Novice: 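Just dropping this structure here.
As the structure is a computational prediction, the values presented were derived from the model and not from experiment. All chains are named by letter (A, B, ...) in the order of the sequence lines, taking the proteins before the strands, and each is independently numbered beginning at 1. Worth knowing before you read on, the calculation uses all heavy atoms, side chains too, and leaves out hydrogens, waters and symmetry mates.
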Amino acid sequence: MGLGARHASRYSPVELLEGDPHLIARIKDLIADLTSDHADLLVAFHRVQAEMGYVPREAVPFLAARFKTTPAMIFGAISFYSEVHTEPPPGTVVEWCSGPACLLKGSMNIRRAIEAVIGCGMNESTPDNAVGLRLVQCDGTCHLAPLVRVEHRYVGPLTVSDAIKLARDLKEGKKA
Amino acid sequence: MATYQELRAAAEEAWRAVVQPQRPLIRVASGTCSRAAGGEGTLAALRGELAARGVEADVMEVGCPGLCFADPLLEVQKPGGPRMLYGHLTADKLPRLVEEVLAKGGNAPDLALGVVAEGTVEGIPALDSLEWMQGQERRLLANCGVIDPESIDHYVARGGYEGLAKALQMSDEEVIKEVLDSGLWGRGGAAFPTGRKWDFLRQARGPTKYMVCNADEGDPGSFVNRNLMEGDPHGIVEGMIIGGYATGASYGYIYIRDEYPLAVERMQKALEQAREKGLLGEDILASGFSYDMEVVRGAGSYVCGEETGLIASIEDIRGMPKIRPPYPAQAGVFGKPTNVNNVESYANVPLVLRHGAGWYASVGTENDKGTKMFSLSGHVQRVGVLEVPLGTPMRDLVLGNGGGVPEGRHLKAVQPGGPLSGVIPASDVIVSGDVGIRLEPQPFKDRGMFMGSGGLVVMDDSSCVIDLAIYFEWFAEDESCGRCTTCFAGTRRLLEILRRISNGEGRPEDVEIMNLLADTMRYANCVHGQAAPTVVMATLSFFRDELMEHIEEKRCRAKVCRGLVRYEVASQTDALPAATDICPTAAIVRDNGGYRVEQSLCIRCNACKELAPEAIEVVDAFPA
Ligand SMILES: Cc1cc2nc3c(=O)[nH]c(=O)nc-3n(C[C@H](O)[C@H](O)[C@H](O)COP(=O)(O)O)c2cc1C
Ligand code: FES
C-alpha cells in the first residue's frame with residue numbers, strides 16, 4: 001500500500017501529456033514491472049537515468065500517470081534529490097568531492113582552478129556540453145583526498161597543479 | 001526445509017577449502033576504497049600474471065579489513081602457510097609479487113604489511129603488532145577482509161545465522177530482553193537503547209509492521225556502514241530478521257544512499273542468498289515466522305538519513321522529515337508501526353544473540369557497552385576504518401592508530417560524526433596527565449555536541465575553523481529540506497555571516513547574531529535544523545580567538561580564507577616560468593620589474609606556490 005493507494009483519492013487523475021512518443025515508449029518499457037503502490041518511484045528514476053543518463057522532463061507527466069499522482073509530486077521528488085538529473089549528461093563528467101577530508105587537503109583550491117580552466121561553474125558544463133563539473137558527496141575514499149572522479153575513475157590525492165593539467169587535457173578533448 | 005545445523009554443516013564444507021587451501025589462495029580487497037585506489041587493476045594484473053606463468057591459485061574477492069591507507073590490499077595464503085597481507089599493491093607491482101611469492105616460493109617482505117592471525121615469517125611483523133591494530137576489538141570487522149561477502153556459506157560457516165536460529169527458539173520478549181541486557185544502543189547518532197525501541201514496536205498494534213535499516217550514512221567523513229555492507233552484508237540481514245521476529249514485523253527495507261552502489265549490489269545479493277537458503281521468506285527455518293525485505297536505493301539527500309525523512313523517501317515522496325511525535329513505532333512506513341535502526345546497530349544483534357548479553361557487555365564502559373566502529377580521515381598519516389571498545393580515548397585513535405598529523409604540523413581539532421556534531425579542540429584530545437576525551441556519548445553531550453555515527457575527521461594547524469564552519473553550514477543549508485523557515489533561513493543566515501567574515505567584512509555584532517540564530521534554530525522541526533549551528537557554536541566556544549582575529553583584524557592565521565590573503569611574488573626564482581604556465585588565469589605577469597601577481601586576475605588557487613614555493617608568498621590581504 002503506497003503512494004498510489006494513499007493519494008489517489010486526494011488528487012484527481014492526471015492526463016497523459018504529449019511527449020516524444022519514442023522516449024515515452026522507452027521509459028514505459030524500462031519500468032514495465034514496477035507498481036504504483038509499492039515504493040518504486042526511486043527505482044524508476046534510477047532505471048531511467050541508468051539508461052538515458054538523466055530523467056527527461058517530458059517524462060514527468062507520464063511518470064505521474066504511471067504512479068497515480070500529480071506531475072508536481074513527481075517533479076517535486078526529482079528536484080529534491082541531488083543525484084537525479086534533468087539535463088543530458090556532459091560528454092565527460094568531472095566529479096568533485098565536496099567532503100571534509102578533501103576540504104582540509106585543499107579541495108577548494110582545486111575547485112577554483114578547474115572551474116577556471118574548464119570555464120564553467122560547479123554543476124554546469126561547457127556550452128558544447130563536452131565537459132561538465134559535478135559536486136559529489138564524500139563516499140569514504142578519503143585516503144585519496146583531495147580527489148576528483150573522471151568518468152567514475154578516481155584521481156587522487158591531487159595537487160592543484162595536477163588538477164589543472166588534468167582539466168586542460170579534458171578541455172582539449174584528451175580523455176585523461 | 002534445511003535446519004540450521006544442516007545449513008551450517010554444508011557451509012563448513014565449503015569453508016574448509018578456504019581455511020586449508022590445497023593451492024595458494026589469494027584474497028583481493030574489493031571494497032569501494034580498494035577499488036578507488038586501483039584495486040580492480042590489481043585484480044586484473046593478478047589474474048593476468050597467474051595465467052601467464054601458469055601458476056595454479058584461487059583468487060577470492062573480499063571486503064575491506066579497514067586498512068584503507070594501504071590500499072590496494074592483497075593477501076596470500078599458501079598451503080600449510082600463514083596468511084600474509086600485502087599493501088600498496090598497485091598493478092605494476094603484481095609481476096614481482098607473483099614471481100617472488102608464488103613462482104619462487106619467497107615472501108617479498110618489503111611489500112608485506114604483516115602476517116595475519118597465526119604463524120610467523122622471518123622479516124615480516126605480525127599484523128596485530130602494527131600501530132593500526134592496537135586497542136582494536138574487531139567483532140563487527142571479524143569477517144571483513146576474511147570472507148567472500150557474496151558467499152552466504154562463508155558467513156554461515158563462521159557462525160552466521162546462529163544468532164537467528166537461537167532467537168527463533170526464544171519468545172519475542174526473551175529476545176528483546178537479551179538485547180536490552182546487552183546495553184546495545186543505536187549507533188546512528190542518537191544513542192537510544194535498541195532493546196527499548198524494539199519493545200515499542202513489539203507492543204504497537206496492527207497486522208503490518210516494518211523493520212527499516214538506515215544505511216543512508218550521509219555524514220561526510222563517515223564510512224563505517226559502507227565498510228560493513230561491502231565486507232559482511234549478512235550480519236546486517238541477520239540482525240534485521242531477528243528484529244523482525246522480536247517485534248512482529250513482517251517486512252523490512254534497507255535504505256542505502258545512492259553514493260554506495262557496491263553496497264547496494266552486495267546487500268541485494270545477500271538478500272537473494274538468504275531467501276534461497278530459507279532464511280528469508282515464508283516459515284523461516286521451519287519456525288513458523290515469515291519475513292522478507294528489499295533494498296531501497298536513495299538518490300542523494302542528507303535529510304533522508306533522518307528517520308522520518310527516510311520513511312517519506314521509501315514512500316516515494318520528497319524525503320522531507322516530519323515533526324515527531326508520532327514516532328515511527330506509532331506511524332512509520334505507509335503509516336504503519338516501524339522500527340528504524342542504523343546498519344551498525346543491526347549488525348551487533350547477531351553477536352548479542354549468539355554469544356549472549358554478558359559476553360557483549362564485557363567490553364566498553366559502565367554506561368556504554370560493546371564496540372564502535374570509527375572512520376579516521378583528514379590530517380592523519382593513516383586513513384581507514386577501525387573498531388574499538390566504547391570509551392577508548394580519542395587520543396589513542398588519532399595519535400596511535402592514525403599516526404598523528406603530518407610531520408611538522410600540530411593537531412588543531414577533531415571533527416566527530418558529521419555536520420551536526422561539532423568540533424573538539426586539540427586541548428580536549430591531548431590533555432597532560434589525562435587520557436583526554438573518550439569515545440562515548442556523554443563527554444560530547446557535556447560539550448553541547450554529539451559523538452555521531454563514527455566519522456572522525458582530524459584537522460591540523462594548516463586548517464581554518466571558519467573555513468570548516470562555512471563548509472558545514474553550507475552543507476546544512478544545501479541539504480535543508482525547506483519545510484521549516486527556522487532551518488532553511490537560519491542556515492542561510494549563518495552561512496552568509498560566516499562568508500562575510502571570511503571575506504574580511506565581519507562585524508562585531510556577528511557573534512551575538514549567530515548566538516541568537518542558534519537559539520532560534522532549536523525550534524526547527526527536526527534535528528537537522530536544531531543541530532545545524534553546533535559547529536558554529538563550538539567555534540564560538542573553543543576557537544573564539546581565531547574567530548575574533550577574522551572579525552577584528554581581518555586576518556586568517558592558517559591563510560586559508562581567500563578573502564583575507566593575497567599571493568605575491570616575494571623573490572624572483574627560476575621556478576617562476578613554470579608557475580606562470582600553470583596559473584589557470586594567467587595572473588602571473590612579467591614586466592620590467594620581473595614577475596608579479598596581477599591581483600585582479602588571481603583566484604588564489606595555490607598552484608603557483610606548489611611549483612615555486614620559494615618565489616611565491618601568501619600574505620595577509622589586510623596587513624596590521
Ligand atoms: C539530518 C539527520 C541525518 C541523519 N542521518 C543518519 C544516517 O545517515 N544514518 C543513521 O543511521 N542515522 C541518521 N540519523 C539518525 C536517525 O534519525 C535515527 O536516529 C537513526 O537511524 C536511528 O537508528 P539507531 O537507533 O540504530 O541509531 C540522522 C539524523 C538527522 C537529524
Ligand atoms: S572527503 Fe573526499 S572522499 Fe571523503
Novice: With a 4.5 angstrom heavy-atom cut-off, is it the side chain or the backbone of A:A145 that approaches chain B, or both, or neither?
Specialist: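 Neither; nothing under 4.5 Å.
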Novice: Report which part of A:L144 has an atom under 4.5 Å of a heavy atom belonging to chain B: side chain, backbone, both, or neither.
Specialist: side chain
Novice: Of the backbone (N, CA, C, O) and the side chain (C-beta and beyond), which part of B:E479 lies under 4.5 Å from a heavy atom of chain A, both, or neither?
Specialist: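 Contact with chain A involves the side chain of B:E479 alone.
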Novice: Would you mind checking which part of B:C583 comes under 4.5 Å of any heavy atom in chain A, side chain (CB onward), backbone (N, CA, C, O), both or neither?
Specialist: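 It is the backbone, since no side chain atom gets that close.
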Novice: Treating A:R112 as the side-chain partner and B:I603 as the backbone partner, does any N or O pair qualify as donor plus acceptor under 3.5 Å?
Specialist: yes
Novice: Please classify the contact between A:R149 and chain B as side chain, backbone, both or neither, with a heavy-atom cut-off of under 4.5 Å.
Specialist: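 Contact with chain B: none, neither part.
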Novice: Does any backbone or side-chain atom of B:Q415 lie under 4.5 Å from a heavy atom of chain A? Answer side chain, backbone, both or neither.
Specialist: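 For B:Q415, no heavy atom lies under 4.5 Å from chain A.
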Novice: Do any N or O atoms from the side chain of A:Q137 and from the backbone of B:G218 form a donor-acceptor pair under 3.5 angstrom?
Specialist: no
Novice: For A:I118, is it the side chain, the backbone, both or neither that has a heavy atom under 4.5 Å from a heavy atom of chain B?
Specialist: neither
Novice: Report yes or no: does A:H46 contribute a side-chain atom to a donor-acceptor pair with the main-chain N or O of B:G298 at less than 3.5 Å?
Specialist: yes
Novice: Side chain, backbone, both or neither: which part of B:D581 has a heavy atom under 4.5 Å from chain A?
Specialist: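 B:D581 touches chain A through backbone heavy atoms alone.
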Novice: Look at the side chain of A:K105 and the backbone N and O of B:G378, then say whether any donor-acceptor pair between them is shorter than 3.5 Å.
Specialist: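 Yes, because the side chain of A:K105 sits within donor-acceptor range (under 3.5 Å) of the backbone of B:G378.
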Novice: Below 4.5 Å, heavy-atom pairs only: which of B:P220, B:G384, B:P419 has the largest tally toward chain A?
Specialist: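 Greatest number of close heavy-atom pairs with chain A: B:P220.
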Novice: Check each atom of A:L42 against the heavy atoms of chain B and say whether the ones under 4.5 Å are side chain, backbone, both or neither.
Specialist: both
Novice: Who are the ring-ring contact (aromatic ring centres under 6.0 Å, His included) partners of B:Y251, not counting sequence neighbours?
Specialist: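 Result, ring-ring contact (aromatic ring centres under 6.0 Å, His included) vs B:Y251: B:Y253.
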Novice: Please check: side-chain N/O of A:H143 versus main-chain N/O of B:D71, any donor-acceptor pairing under 3.5 Å?
Specialist: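 A pair under 3.5 Å: no.
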Novice: Which atoms of B:S313 are under 4.5 Å from chain A, going by heavy atoms: the side chain, the backbone, both sets, or neither?
Specialist: both
Novice: Do you know which of A:G99, A:A116, A:G106, A:G76 has the most heavy-atom pairs under 4.5 Å to chain B?
Specialist: A:G76
Novice: Hey, is the main chain of A:D139 close enough, under 3.5 Å, to the side chain of B:E259 for a donor-acceptor pair?
Specialist: no
Novice: Does the B:S301 side chain pair with the main chain of A:Y81, one donor and one acceptor, at a distance under 3.5 Å?
Specialist: no
Novice: By a 4.5 Å heavy-atom criterion (distance strictly below it), what part of B:R226 contacts chain A: side chain, backbone, both, or neither?
Specialist: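 It is the side chain, since no backbone atom gets that close.
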Novice: Between B:V385 and chain A, which part of the residue has a heavy atom less than 4.5 Å away: side chain, backbone, both or neither?
Specialist: neither
Novice: Side chain, backbone, both or neither: which part of B:I582 has a non-hydrogen atom closer than 4.5 Å to chain A?
Specialist: both
Novice: Is the backbone N or O of A:D40 less than 3.5 Å from a side-chain atom of B:D316, with the two atoms forming a donor-acceptor pair by type?
Specialist: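 Pair found, side chain donor or acceptor close to backbone of A:D40.
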Novice: Heavy-atom distances under 4.5 Å only: say whether B:T585 touches chain A with side chain, backbone, both or neither.
Specialist: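 Only the side chain of B:T585 comes within 4.5 Å of chain A.
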